[in-house]
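These numbers were taken from a predicted model, which means no experiment stands behind them.
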Amino acid sequence: MIFNLSWKNFKGQFLNYLVYFVSMTFAVVVYYCFNAITYNRNLTNRVGQEIHIDSAMNLGGILVVVMILGFMFAANHFFLLKRGKEIGLYHLIGMRKEQISFLFFIETLILGAISLVTGLILGVIFSKLFSMILAKAMFLQVESLFYASIPSMIQTGIVFVFMLLAVSFRSSWLIYRYQVSDLLSKTKKRAANSNNLSVLEIGLGVLGIVFILTGYILSYNVIRFATFLMKLVFGFAGFLIAPVAIMLICMVGTYLFFNYTMNLVVYLFGKDKFNYYRNLNMLALGNTKKHVRRSGNTLSFVTIFIAIALGMIGGAASFYTIGMNSVNITAPTDFIVAQDDFEKVAQVIENKTDTKIDSLVKLNYKLTGSRFHLKIGQDTEENNISPINILALSNYREFQKINPYLKKIELHNKQDIVILDSIQNILGGFIRYGSDFTLSDGIKLHVSDVRADFLGQDLLRYSFPTVVVSDEQFKEINSGISYTLNAFNVHTNDEEELVNKISEKVKPKWIAPVYYKYQWVDNQLLGYTAKTSQKAENEQSKEYSEDDEQEYWQLNYTNRFSELRYNRRAMGLFIYVAMFLGVLALIITGSILMLQQFSEAEKEKENYDLLKNIGIPKKEITKLVYQQNSIIFFPPMIIGVLHATFAIYVFSKFISSSGYWLAYLSCGLLILIYLAYYFLTSAIYSRIIHGKYRQ
């Protein structure tokens, strides 16, 4: 009889458990596919040793477990609250707590087992699709086959059985701890106190808005905020502390907003007597008060989770663009080779059939000392004394013909220069140069522009800033040393084979050390840059100091194919994991809100029946349902999107990229998903209260 009663009540909750089942099944599919990919030898062998695909998939699996475990706890809590009358009925017929707990324990295990089996079957079916998507994201040419990974099935089963046991034990603990009467009394107490707000609650409600706005203002001025923290005791750590501090402020503001600010807003609307008594506004406000008070913590959690999910999707898209852009920065042509190793590389190319060097450009640099001003954030300018690379304008334009990423440069005066600095590629909004450069031979140069560096890997140029000067000025600079890089493209039928052969012949290594030492004395830059150390032998054993001779080495070569292959695989793997986790997070948060509203539908069904009995039209009641659900779905959606938008803005101030539109597009994806959840939930909610679904 007990199991028959349980089965009857379970069927009454079928709609709620269906949402739970679908979400759980999707999570099992994602986890299994992530795990199965690590056993796909065709794929992992094709990726190679440079990309640890198993580590990324295992990390993704752990995050899936964390997210789904949180969802299971939240869903289980809703089920217990909603089935309070059923638990009370079990008490009335003489069932002990351990019997009730065991009943729910078995119910959870059965539902979880069905979700697990269904998810594993679908996982095997869709594992090929997951593998194909990953291979496409990583630009891999590999055959994907249908296969059932037994180790992945076992691991997935163990993990989800553990989660089901954890949820079942928590359910039993809650049943043991609370009496149904306790839960009912708490609900009544909250309802009784919902008409008035204390001074503390009003203050906390105002603070919710203040904290969120403060977080947004600091986000908009993140460079100044980071600089302020750097001036305090944090030093350069303030550069990293600033985004974390903004995130914590927004999280606190989110909690206060949904637990107190929304109550304050509803309370203030209730003071408007003219609108309060119009139509069904009085009932709508009354229900909204109860819903907001009961859902404050859930809405806070959902909003923060939304922001994290959007940040995950948007950040992945942005990182992908940044990764691909870094290839254009470090390897704008097929090869850039130092003069010392150029003959070795050229010989390998000549010995390979159907392969030849195309569009060779020799980049002739001069490395000489300079004094210039550098501004970090909003801080005061600091004097920097170090070597810089000098490149003639004509040489730059020659390279521009085979390098599509270089923009046109015009120098109107002999002293004008354009700075090309790799720092601008990443921290363009955080670094500023002064207007003047002074060279060691007394030449003064004027900065006309500062641009991102697309001349190739800066380690080939000793990692110093590069300036483009007029040809006339280039000839007059005689201090320092000169060196040559060879940039060229290659016409070949098999790039991978060519790069492998070159790697066997010429290993990446550090070559051609340079030594420099400069000082600013009596408004003059004194010192040297040389290919051999200028230290006296008896001085080389002295302790190092800032005024001592410095030593730098040069990288011998770089190639575009290796850089492109690595970044495509690394960024493709990253965006693959982040996209699936982000979508899963959005589905989980939407499912939590849907389950919560289905619980509210049963609680409010009697009130809606009263409205129908007093003659309120069905259309007006349905309108009221949509209005109340909008209070639950729209604020988390709007604030979550705002959080993510400002987070992306902060990220754009630290790392410059043209791909942030993809991040904002992910915000549009969230809006579409949540609108779908909102309309689906409202439609089912309406059918429940109109008696078209039996609860």
To the nearest 0.5 Å, how far apart are [atom1] in [X] and [atom2] in [Y]?
X	Y	atom1	atom2	value
I304	I639	CD1	CD1	10.5 Å
M163	M24	CE	CE	6.0 Å
I68	F26	CD1	CZ	10.0 Å
L207	I202	CG	CD1	12.5 Å
I684	F679	CD1	CZ	14.0 Å
N384	F372	CG	CZ	4.5 Å

Nearest heavy atoms of [X] and [Y], plus distance in Å:
X	Y	result
T261	L204	OG1-O, 4.3 Å
I671	M637	CA-SD, 3.9 Å
A644	A307	CB-O, 4.4 Å
S686	T622	OG-CG2, 3.7 Å
P636	L299	CG-CD2, 3.8 Å
N259	S300	ND2-OG, 3.5 Å

Close side-chain approach of [X] to [Y], heavy-atom, < 4.5 Å:
X	Y	answer
D436	V447	no
Y685	Y626	no
T681	L593	no
F454	K407	no
Y31	F160	yes
I632	Q597	yes

Subject >> Evaluation steps, side-chain contact (heavy atoms from CB on, under 4.5 Å), between V64 and L581 >> reply: CA-CA 7 Å; V64 169; L581 292 178; 3.3 Å; yes
Original post:
Does the ring centre of Y220 sit less than 6.0 Å away from the ring centre of Y649?
Top reply: yes
Subject >> Within the 6.0 Å centroid threshold, strictly below: Y674 and Y678 >> reply: no
For [X] and [Y], test the side chains for any donor-to-acceptor distance below 3.5 angstrom and give the result as yes or no.
X	Y	result
N263	E201	no
N629	S682	yes
T254	H643	yes
T589	Y677	no

**OP:** Would you sort out whether N297 and Y255 count as a side-chain contact (heavy atoms from CB on, under 4.5 Å), showing the intermediate values?
**Re:** CA-CA 7 Å; N297 291 333; Y255 173 80; 3.3 Å; yes
**OP:** Would you check, one step at a time, whether the test side-chain contact (heavy atoms from CB on, under 4.5 Å) holds for I212 with C250?
**Re:** CA-CA 5 Å; I212 291 177; C250 288; 5.8 Å; no
Subject >> CZ (F162) with more than 12 external heavy atoms under 6.0 Å >> reply: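 Counting neighbours around CZ of F162, 12 or fewer heavy atoms of other residues, nucleotides or ligands fall under 6.0 Å, so no.
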**OP:** State whether D449 and R451 are salt-bridged, where the test is any N-O pair (Lys NZ or Arg NE/NH1/NH2 against Asp/Glu carboxylate O) under 4.0 Å.
**Re:**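 Judged by the 4.0 Å cut-off on N to carboxylate O distance, D449 and R451 do form a salt bridge.
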Original post:
For the residue pair F646 and Y216, does the interplanar ring angle fall in the parallel (under 30°), tilted (30 to 60°) or perpendicular (over 60°) class?
Top reply: parallel
